Amino acid sequence: MEIEASQAMKLSLGPLLYYWPRQRVLDFYADAAACEAIDIIYLGETVCSRRHELRPDDWLALAAELAGSGKEVVLSTQALIESESDLKTLRRLIDAENLRIEANDMGAVRLLVEAGRRGWIAGPTLNIFNPATLALLVDEGASRWVVPPEIAGENVAGLRAGMSAPIETEIFAHGRLPLAYSARCFTARHYNLQKDACEFRCLSDSDGILLRTREGEAFLTLNGIQTQSAKVHNLLADLPEIADHAEILRISPQGEHTFEIAALFRAALDARLSAEAAFDACRALMPEAPCNGFWHGRAGFEHVQAGAAPVPAVPAPVPAASAPDPVPSSAPALAIPCLLRLLPASVRGHIAQKLRDARLPAFTVPEPLARLNAKLPQLPATLALTTALNLAPEALLPRAALLPLTDRRLCVRVLDAGFSLDFTLGADGRFRPCHAGAPADLTISATLRDFIVLALCEEDADTLFFGRRLHIEGDTRLGVLVKNTLNTVDWNRIFAEVSG
């Protein structure tokens, strides 16, 4: 299928999301300057302030050099500002009045407005999901916006239609999807390092660290404090439908073949190659399988074939900074404080205080005891867990949020203690033991000590998960929700509830 009226559509090279050695970065942008397919180049560190192979003055010098090649050059700001040093860098970029700025957080927007700068670009991490927000930023000086990649194509069309005047629109068209940013560094944790002593391990992973499920399925990509999709978002085959939705398509740099991919986009836009043929040629240049689900209003990891029947537009998704209501955890961590409610108030208050203040020493359940436990009936321990979950107050475990667990077989496996606790959630909203033997929909495994340190808030679920101490098997999406819930449970409130 050919694309009509596409000559005016531009291609941009998004900011480099990975950490590469200095010379490799300079060589990459020398190739970008020579790439005829690329019209716009975004520069700057947007992910982590500890990445110092190129400093602000280096980015500014590179911007001046690239501008001399005839490219439009934009300086991108950091998405997560954490320190005064980050603010100093931000101010340094904004002071470069001869260059356009892509603002990736509201602090950058505020500084641009205070400096009287206009013509800046609203970046994808500003989470613009409605015409009112976009209109506000246009009033403050934005002349282009980069669509958050979670928005479906039909929603982009509706948002643009809601504007009183047209605004230049840029769509993320190729690359691993930036899903979330965190103050934690997951790459450092992967190597059992602290964030401030990370040894710059990102330098060894030119496309991030790919995570796979135990079944071997690509799951997520770790990129420092940024979590990315495992699959590669690719809208090449969707270009005929995109033509009326945007003026610019963004290609995110990857370790290899970035400019060959840009050339395929340009060939399709110029009708020298069909979109389908360009997509087929592109697949061999991608580090993982393609996806385009977000554009079609579906789950982001899905791949919708070109020409497939459209699905109804969905409401714009909640921004990454606002997590959906979590599914409550079924881990033993919650059982410990909830069972305290069965004790007298004075006793449980004393125990809760001890649990808050304790630091658990390292230990492993002796192997003879574990073998004995494995031979004993599991029902008493399972009853203790399900009783604790059922006693949890509504304020802590809203029953409506439990619906995704209804009639699902769950298993909590205490690895070193020989326990496997099988249970399910009934339609009446109560947890009940179930017979072992049938495969569980979701299995959560850890040692007894690691389950306890979750309850004591000594470590969070992410630390254990990425340290390979908390294992999740079965329904991956349900597992991720449970893991996230372990991080969002207000343990201090639980202890207050059970000790009050």
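Not measured: the values here are computed from a predicted model.
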Check your understanding: After noting the C-alpha distance and the side-chain angles of L425 and L410, does the key distance pass the side-chain contact (heavy atoms from CB on, under 4.5 Å) rule?
Key -> CA-CA 9 Å; L425 177 65; L410 310 172; 5.7 Å; no
Point to revise | Intermediate values then yes/no, salt bridge (charged side-chain N to carboxylate O under 4.0 Å, His left out), E45 and R92 | key: CA-CA 13 Å; E45 178 55 55; R92 179 76 179 88; over 6 Å; no
Check your understanding: Between Y29 and L16, does a side-chain contact (heavy atoms from CB on, under 4.5 Å) hold up when you go through it step by step?
Key -> CA-CA 10 Å; Y29 284 111; L16 177 60; 3.7 Å; yes
Point to revise | Worked check of side-chain contact (heavy atoms from CB on, under 4.5 Å) between R50 and C185 | key: CA-CA 11 Å; R50 287 182 56 79; C185 178; over 6 Å; no
Review point. Which is it for E114 and R110 under the salt bridge (charged side-chain N to carboxylate O under 4.0 Å, His left out) test, yes or no, and what are the steps along the way?
Key: CA-CA 6 Å; E114 289 178 351; R110 180 178 66 83; 2.8 Å; yes
Practice item. Using the side-chain contact (heavy atoms from CB on, under 4.5 Å) rule, take E288 and L210 through it: C-alpha gap first, then chi angles, then the decisive distance, then the call. Key: CA-CA 10 Å; E288 280 294 328; L210 181 65; 3.1 Å; yes
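When all heavy atoms of S143 and I167 are compared, the closest pair comes out as O-CG1, 3.6 Å. The two residues W295 and I242 come nearest to each other via the heavy atoms CZ2-CG1, 3.5 Å. Across all their heavy atoms, L13 and P253 have their closest contact at CD1-CG, 3.9 Å. Residues D105 and T77 come closest through the heavy atom pair N-OG1, 4.3 Å. For the residue pair G224 and T187, the shortest heavy atom distance occurs at N-OG1, 2.8 Å. For the pair K231 and S229, the tightest heavy-atom approach, listed with the atom from each and the gap, is O-OG, 2.7 Å.
Judged purely by atom type and a 3.5 angstrom limit, K195 has no side-chain atom pairing as donor or acceptor with the backbone of I225. A distance-only check finds no donor-acceptor pair linking the side chain of D475 to the backbone of D441 [under 3.5 Å]. One N or O on the side chain of D39 and one on the backbone of L11 form a donor-acceptor pair closer than 3.5 Å. Side-chain atoms of Y19 come within 3.5 Å of backbone atoms of H52 as a donor-acceptor pair (strictly under, hydrogens ignored). Between the side chain of N292 and the main chain of V304, a donor-acceptor pair closer than 3.5 Å is present. Remark: side-chain polar atoms of E247 are paired, donor with acceptor, to backbone N or O of T169 under 3.5 angstrom. Looking only at distances, no side-chain donor or acceptor of R100 sits under 3.5 Å from a matching main-chain atom of E72. With hydrogens and angles ignored, the 3.5 Å screen pairs a side-chain donor or acceptor of D58 with a backbone N or O of R55. In this structure, H174 contributes its side chain and I261 its backbone to no donor-acceptor pair below 3.5 Å.
Side-chain contact between F294 and L177 is present, with at least one heavy-atom pair separated by less than 4.5 Å. For the pair F172 and H233, the minimum side-chain heavy-atom distance is below 4.5 Å. Inter-residue side-chain proximity for S83 and K88 is flagged as unmet; no heavy-atom pair is nearer than 4.5 Å. Annotation: side chain of R409 is not in contact with side chain of P439 (no heavy-atom distance under 4.5 Å). Side chains of D27 and R24 form no contact here, defined as non-hydrogen atoms less than 4.5 Å apart. V73 has its side chain out of reach of L62: every pair of non-hydrogen atoms, C-beta onward, lies at least 4.5 Å apart. Under the 4.5 Å side-chain criterion, counting only non-hydrogen atoms from C-beta, L220 is in contact with L179. Counting only heavy atoms from C-beta outward, the side chains of Y191 and I209 approach each other to under 4.5 Å.
A perpendicular orientation is assigned to the rings of W20 and F28, their planes being inclined by more than 60° (bins at 30° and 60°).
Put simply, CZ on R176 and CD on Q226 are 11.0 Å apart, with the number rounded to the nearest 0.5 Å. We find the CG-CG distance between L264 and L269 to be 11.0 Å, quoted to the nearest 0.5 Å. Between T133 atom OG1 and L126 atom CG the span is 10.0 Å, to the nearest 0.5 Å. Distance CG/L17 to CD/Q254: 11.5 Å, rounded to 0.5 Å. One distance of note links SG of C202 with CD of E53; it measures 11.5 Å at 0.5 Å rounding. Here F265 contributes atom CZ and R250 contributes atom CZ; the two are 13.0 Å apart, rounded to the nearest 0.5 Å.
Checking Y18 against Q228 by side-chain atom types alone, a donor-acceptor pair falls below 3.5 Å. Between the side chains of S12 and E170, a donor-acceptor pair is found at a separation under 3.5 Å. No hydrogens or angles considered: nothing links the side chains of N234 and H303 as a donor-acceptor pair under 3.5 Å. For the 3.5 Å distance criterion, the side chains of T46 and N104 fail to qualify, holding no donor opposite an acceptor. There is a side-chain donor-acceptor pair under 3.5 Å between R214 and H471.
Heavy-atom neighbours of E215 CD from other residues, nucleotides or ligands within 6.0 Å: above the threshold of 12. For E65, the CD atom sits in a loose shell: 12 or fewer heavy atoms of surrounding residues, nucleotides or ligands are nearer than 6.0 Å. Within 6.0 Å of CD on E168 lie more than 12 heavy atoms contributed by other residues, nucleotides or ligands. Within a 6.0 Å sphere centred on CD of E36, other residues, nucleotides and ligands contribute 12 heavy atoms or fewer.
Look at R266 and D270 and you find a salt bridge, because one of the NZ, NE, NH1 or NH2 atoms lies within 4.0 Å of a carboxylate O, short of that distance.
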